[in-house]
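Below, all heavy atoms of this structure are taken into account, side chains as well, without hydrogens, waters or symmetry copies. All figures in this text were calculated on a predicted structure; none of them were measured in a lab.
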Amino acid sequence: MKVAAVIVSYNGAAWLAGALNSLRESRHACRPIVVDNASTDDTVARVRHGFPEVRLIESGANLGFGRGNNLGIEAALREGADAVFLLNQDAWVTPEAVGEV
């Protein structure tokens with residue numbers, strides 16, 4: 001099963017690494033997708049340089065949480081995800097969390 005994790009971010013540079021690192025440590029493979037809502041900090045640069053496996057979508061405007069998630073979900077499904085996991089930028093998962101039924 002192909003799982004994508006969508007994270008909507010806005011000025012999340014201080015927190016996003018925790019979320020993305022937790023996905024790296026997941027026991028079930030997970031494709032991270034970050035939708036950046038026009039951050040004014042260095043969120044985008046940190047994702048690009050520290051997390052090359054992340055599919056980064058720069059929205060160009062602050063779409064809000066709901067529309068940002070919709071953008072990420074659409075991308076995940078277009079790219080073949082069987083399931084989509086929504087994760088806040090300041091949260092993280094345990095290694096067992098993704099893939100549990």
Fill in the blank from the handout: In short, Asp41 meets Gly12 closest at the heavy-atom pair OD2-N, 3.6 Å

Exercise for the section: Side-chain contact test, heavy atoms from C-beta onward, threshold under 4.5 Å: evaluate it for Leu86 versus Ile73 and give yes or no. Expected result: yes

Problem - Asn69 side chain near Val35 side chain, heavy-atom distance below 4.5 Å - result: no

Problem - pair Trp15-Asn88: side-chain heavy atoms closer than 4.5 Å - result: no

Fill in the blank from the handout: Scanning both residues in full, the closest heavy-atom pair of Gly72 with Ile57 reads CA-CD1, 4.4 Å

Practice task
Find out if a path of hydrophobic residues (ILVMFWY) with successive side-chain heavy-atom gaps under 4.5 Å connects Phe85 to Met1.
Solution key: yes

Practice task
Indicate yes or no: at least one non-hydrogen side-chain atom of Phe51 is less than 4.5 angstrom from one of Val34.
Solution key: no

Handout entry: Atom of Leu23, atom of Ala5 and distance for their closest heavy-atom approach
Key = CD1-CB, 3.7 Å

Handout entry: Taking every non-hydrogen atom, the tightest pair across Ser9 and Leu16
Key = OG-CD2, 3.9 Å

Exercise for the section: Treating Ile, Leu, Val, Met, Phe, Trp and Tyr as nodes and any side-chain heavy-atom pair under 4.5 angstrom as an edge, say whether Leu71 and Leu87 lie in one connected cluster. Expected result: no

Problem - Check: Ile7 and Val54 side chains under 4.5 Å, non-hydrogen atoms - result: no

Handout entry: Presence of salt bridge, Lys2 and Glu79, under 4.0 angstrom
Key = no

Problem - Considering all heavy atoms, the nearest Tyr10-Asn37 contact - result: CD1-O, 3.0 Å

Completion exercise
Heavy-atom nearest pair, Ala81 first then Ala4, reads CB-CB, 4.0 Å

Exercise for the section: Evaluate the criterion side chain to side chain contact (heavy atoms under 4.5 Å, CB included) for residue pair Asp36 and Val47; output intermediate values, then yes/no. Expected result: CA-CA 10 Å; Asp36 185 72; Val47 171; over 6 Å; no

Handout entry: Heavy atoms from other residues, nucleotides or ligands near CZ of Arg55 exceed 12 (cutoff 6.0 Å)
Key = yes

Exercise for the section: Calculate, to the nearest 0.5 Å, the distance between atoms CD and CD1 belonging to Glu74 and Ile33 respectively. Expected result: 11.0 Å

Exercise for the section: Is it possible for you to say whether Val6 and Leu63 belong to one hydrophobic cluster, with membership spreading through side-chain heavy-atom contacts below 4.5 Å? Expected result: yes

